[in-house]
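The block underneath contains the structure these notes are about, expressed in C-alpha cells.
Only a predicted model underlies this, so the values are computations on that prediction, with no experimental measurement involved. FYI, the numbering just counts along the sequence from 1. Order of listing sets the numbers, starting from 1, for every ligand and every atom in it.
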Amino acid sequence: MFYSIMSGRSVHSVLVGLVCLALASAICCSSVGSSNNIMCLESERHALLQFKQGLVDESNALASWKSEKDCCKWRGIACNNQTGHVITLDLSYSYDANLDSTELRGEISHSLLELPYLNYLDLSYNDFGGMIIPKFIGSVSQLKELKLADANFSGPVPPQLGNLSNLHTLDLSRNTFVSFENIEWLSHLSSLRYLNMSHLDLFEAVNWPQSLSKLTSLTELRLSWCNLPDVNLRSLSFINSSTSLQLLDLSRNSLNSSIFYWIANVSSNFVHIDLSSNQLEGGIPKGFQNLYSLELLYLGANKLSENIEDSVKTLSCAENTLDTLDLGFNQFWGSLPDFTRFSNLRELILLRNQLNGSVPESVGQLSSLEHLYLSWNSFTGVITESHFLNLSRLQALLLSSNCFSINLSSDWNPPFQLTYLHMSFHKLGPAIPKWILRQTNLRVLFLSNASLSGSLPNKFWDLFSGLDYLDLSMNQIHGKLPNLSSTSLGHVNLSSNLFSGALPTFSPMLIRLYLSNNSFSGPLSSLCAMQAPNLEYLDLSKNLLSGELPNCWMQFQELEMLNLGKNKLSGKIPSSLGNLQGIAILRLHDNNFSGELPSLENCTRLLMVDLGNNNLSGKIPPWIGQNLTNLVILGLRSNEFNGIIPFSLCSLAAIHVLDLSHNNISGGLPHCFNNITSLANDTTASDFIVELVWKGIEIEFGENLDSMRSIDISSNYLIGEIPPSIASMTELISLNLSTNKLTGKLPEDFGNMKMLESLDLSRNRISGKIPTSFASLNFLSVLDLSHNNLSGRIPSGTQLQGFNASQYMGNLGLCGPPLTQSCPGDGTVQDDGIARGTEIHNKEQVDDGLISLGFFISALLGFVTGFWIVCFSLLLKTSWRYAYFRFLDNAKDWIYVKSKAKVRRTLQR
Ligand SMILES: *[C@@H]1O[C@H](CO)[C@@H](O)[C@H](O)[C@H]1NC(C)=O
Ligand SMILES: *[C@@H]1O[C@H](CO)[C@@H](O)[C@H](O)[C@H]1NC(C)=O
Ligand SMILES: *[C@@H]1O[C@H](CO)[C@@H](O)[C@H](O)[C@H]1NC(C)=O
Ligand SMILES: *[C@@H]1O[C@H](CO)[C@@H](O)[C@H](O)[C@H]1NC(C)=O
Ligand SMILES: *[C@@H]1O[C@H](CO)[C@@H](O)[C@H](O)[C@H]1NC(C)=O
Ligand SMILES: *[C@@H]1O[C@H](CO)[C@@H](O)[C@H](O)[C@H]1NC(C)=O
Ligand SMILES: *[C@@H]1O[C@H](CO)[C@@H](O)[C@H](O)[C@H]1NC(C)=O
Ligand SMILES: *[C@@H]1O[C@H](CO)[C@@H](O)[C@H](O)[C@H]1NC(C)=O
C-alpha cells in the first residue's frame, strides 16, 4: 500500500475523467447542433490531421476524425458558429470501463499554431511520456484556457507560456516531474483568473508570492501539495498589490505563519481558504478581520495555538457567511465562546485541540449544523439534550475522548438521524443507550471504551445492517457472534471484550477485522469458507484459538497484516502464507507452531516478522536475508532454530530489531555487520519505517521506531570471536550476546558503537582486556560483562566506574574500580563513591529489561492497539471531508514528497 504517484494518478483520472467525458460530449453535441451550414476551414482541418499524426491513439478514440468530413464535428473540436474557425480542442482523456479506452500518447505537433483562433486547449489526463511542455504553446496566442493536468509532462515549464496574454485558466496540476526554477513568467499572465498547479514541485520557486501577487485578476489559486518553500517575511513587505483572489488552496505544504501576511495583503475577497496540513503557528491573524465573505476556512493539522475566544473574535466579520470552520489537529485552548451568531455554520471541526471549559448549550441553536467534531479535547461539564435542541440536520457527531460527562436520557428522541457517531471513551453503558439504537442510518459507529457490558441487544446486527465501520473495542461485552455474512461491515473492531465461541462468518466486504483479546475459541478452519477478497488486516491475537492453521491463505490476496499471536495454535505454518505477496506484518508469536518455516520468499513486502515463542525448528532460512529486504523487525526468539546465522542476514539493510535469542544457533557471528546500513548510518531513515508506522503503529511512534535499533542473539551456542565489523554499527542502541560460547578478545574499536545504551556480553568466554574505547560509550546505562575471562584494568570513564561491581563479576582477571580488587602496581583500594551511589539505579534498569527486545516488541504491541484507537477511526473512505482524513493525508504526503524527490534525483543523474 505504498502511495505511489501512479495510483494517485489513476484514481484521480477515473474520477475527473467521468466529469470530462460529460463535458466532452456536451461540446460534441453542441457543435453538431450549431454548425449545420458552417463547415470547418480546409487549412485548419489539415492542421488538425497533422496534429493527430503526432499522437498515438491506441484505442481509436479519434475515430470520428476519419469518418467525418467536417472537422467541426470531430470529437473534441468546437468551431465558431459564424466563422467556422476551430476554437476548442479538448482531447482530455476520460476513463470509461465500457469503452476500454486508453490515454493518448505521442507528440504534440506544431500544427496547433495553424489554428489561429484556438482559445481552449485541454490535453489533460493523457500520457505524454515525460515530455517537456512544448515551447510553442506560448505562441498559440488566442488561448484563454490551457489545461494540461495529469498528463505526464516533466522538466521545466517553458517561460514562453508567459506570452499567453489572453489566458484566464491555466491548469498544470499533477504532472509530478514538472519542475520550476522560476515562476516569474506567470506574472505576465495578466488575464489569469484560475491557476491550478497542485501536486507540482514548487520547492525551487522561491519568489512565488511576489510573482502571484501581480496577477490582479486571479480569483482562484490552487497550490496544494506543492512542497512550497517558506515565505520570506522581509521580501513580503514590498508586496502591495491586491488581487481578486476568492479561493486559495495552499494545503499540504510546509508553510509557516509568514504566509498569513501575504494572504492578508493579497486580497480581502476570500471566500474559501485552505491552509490545512502546514506548519502554521500562533493564532488566526488579525488580517483575517476583514474577510467579510469568508465561507470556508480550513486550518486543520497545523500547530496553531491561541485562545479560541480570540480566534472566534477575529472571524466575527464572517459571522453571516461562514459555512465551514476547521481548526482540528491544532493547539487551540481556552473555552468555547458562543457560536450562535455564526448562523450558517454547517461544519464545526475542533477535534484534537486543548479546549476546556464546558461546551455552551448555545451550540444547540446552530440549526444548519451537519458536522460537529469535538473529540480529543479537554471539555468538562455535562452534555445534555439541550446541546442538540435544534440540530435537526446533524449527520456526524464526534464527542469522544473529553472530560465531560454525557447525560442523555436513554429515552431521548434526538432531532437528527446520524450517519456517523463517535462517542468512545465516555461512560454510556452498561447497555447501549436506546437513542443510539434508533439511529438506524448509521454507517459509522464508534463506542470504544464506553463501559458497555452484558450482551448486545438481539436486534443489534439487524438494526445496524448498514454499518461499514463498527468499533466496540475495550468494553465488557460478552456473548457469541451470529453469522454476519449478510451485513455490510467493512471495518470491525471488537477487540478487548469478552466475546466467546467460534469465529463467525463475516461480510464479503470485510476489509479490517480486529478481534484481539477476547475468548474466541475453536479452530480457524472456518476462515477458508470466508469470502473476503478485500481483507487487509486480520488481528485475532490473544484469544483461545486452537488447532492447525488452514492452508487457504491464497484467497486473501490483499492481506497486509496478519496477527495470530498469543493463541493455542499448533502444527506447521502452512505454505500458502507464502502466497501473500502484499503482506507487511506477520505475527504468529506465542503459539505452539512447530516444524520448519515454509518459504516466504515471495512476501517481499514484509516489514515485520514475529515468530517468537513457538517450537519452530530447522535452520534460519537464507531467503530471509536474500528476499525480505524490507524487513525492519525480525523476531525469532525462543524457538528451536539451529544451524548457523546465514551470512545473508547482513543484507537486511533496513533491519532495526533483530532477535534470534533463546534458540540453538551455533557457529560464529557473521563478519558482515558493516553491511547492515540501517544500524550504521542514522541518515538511512528508511521509507519502510514510515510504511510500517503507516500500517500499524501509532503516528507519534514513528520517530521512536527509527531510534529502536537492537540486536539480541543471547542464549544460543555461538562460538568464536566477536568480529571487528560489529563496531561499524554505530547507531546500535542495544546489543545482547550473553549466554553463548564466544571467545577471543573484544574488538579494539568497540567504543565506536557510541549510541549503545544497553550492552550484555555476560556468560561467555571472552578474554583479554576491556578495550579503552569502552570509555567513550557515553549513553551506556545497562552493562553486563560478568562471567567471562576478561582481565586487566577496567578503563576509566565515569560511565564504566558507575556500574555495580556485579556487572563485572566472574572475571577473575579484572581489576580497578568499581571492583574492590586493585590492579597490580596500584597502591590502595580506591573508595568508589560513584559506584555505590548508582548501584540501585542500575539494578532496576536491568530488572526492567529496559532496552531489551521484549520491550520493543511489547511496545509495538501496545502501539498496535493504540493505532486502533487513533488511526482506525481516521481511515474513512467516505467522500466527506473529514478532518481526520486530512490529518492522515499529511503523512501520506510526506511519503509522496519523499519518493518524488528521490526519483527526481535519479533522473538528474
Ligand atoms: C453561436 O455561438 C454563440 C456563442 O457561442 C451563441 O450564443 C449563439 O447562440 C450561437 N448561434 C447559433 C446560431 O447557434
Ligand atoms: C510517464 O512517462 C514515463 C516515460 O515514458 C513512463 O515510464 C511512466 O510510466 C509514465 N508515467 C505515467 C504515470 O504514466
Ligand atoms: C515569448 O516569451 C519569450 C520568453 O519569455 C520571449 O523571449 C519572447 O520574445 C516572447 N515572444 C513573443 C512573440 O512575445
Ligand atoms: C486543482 O487543484 C485541486 C487542489 O487544490 C485539486 O483537488 C483539483 O483536482 C485540481 N483540479 C484539476 C482540474 O485537476
Ligand atoms: C514465488 O513466485 C514464483 C513466481 O510467481 C513462483 O514460481 C514460486 O513458486 C513462488 N514461490 C513460492 C514459495 O511460493
Ligand atoms: C530470492 O533471492 C534470490 C537471491 O537474490 C533470487 O535468486 C530469487 O529469485 C529471489 N526469489 C524471489 C521469489 O524473488
Ligand atoms: C556486503 O557489502 C559488500 C560491499 O558493499 C558486498 O560486496 C557484499 O556482498 C555484502 N555482503 C553481504 C552478505 O550482503
Ligand atoms: C549514510 O547515508 C548517507 C545517505 O544515504 C550517505 O550519503 C552516506 O555516505 C552514508 N554514510 C555511511 C558512513 O555509510
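- Distance alone, capped at 3.5 Å, places no donor-acceptor pair between the Ser173 side chain and the Met197 backbone.
- The immediate protein surroundings of ligand 6, defined as residues with any heavy atom under 4.0 Å of it, consist of Glu601, Asn602, Gln626, Asn627.
- Residue Gly130 approaches ligand 2 through these ligand atoms, each under 4.0 Å from one of its heavy atoms: 2 (O).
- In this structure, Asn602 contributes its side chain and Leu600 its backbone to no donor-acceptor pair below 3.5 Å.
- Shown in contact with Asn152 at under 4.0 Å from a heavy atom are these atoms of ligand 2, numbered in order with element: 1 (C), 2 (O), 3 (C), 8 (C), 10 (C), 11 (N), 12 (C), 14 (O).
- At least one donor-acceptor pair closer than 3.5 Å links the side chain of Asp122 to the backbone N or O of Ser124.
- In this structure, Asp171 does not pair ionically with Lys147, as no charged nitrogen and carboxylate oxygen lie closer than 4.0 Å.
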Which donor-acceptor pairs under 3.5 Å do side chains of residues 48-55 form with protein atoms, sequence neighbours excluded?
none

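- A donor-acceptor pair is defined here as one N or O able to donate and one able to accept, closer than 3.5 Å; such a pair exists between the side chain of Asn630 and the backbone of Thr604.
- In summary, Arg105 and Asp127 do not engage in a salt bridge, as defined by a charged side-chain N under 4.0 Å from a carboxylate O.
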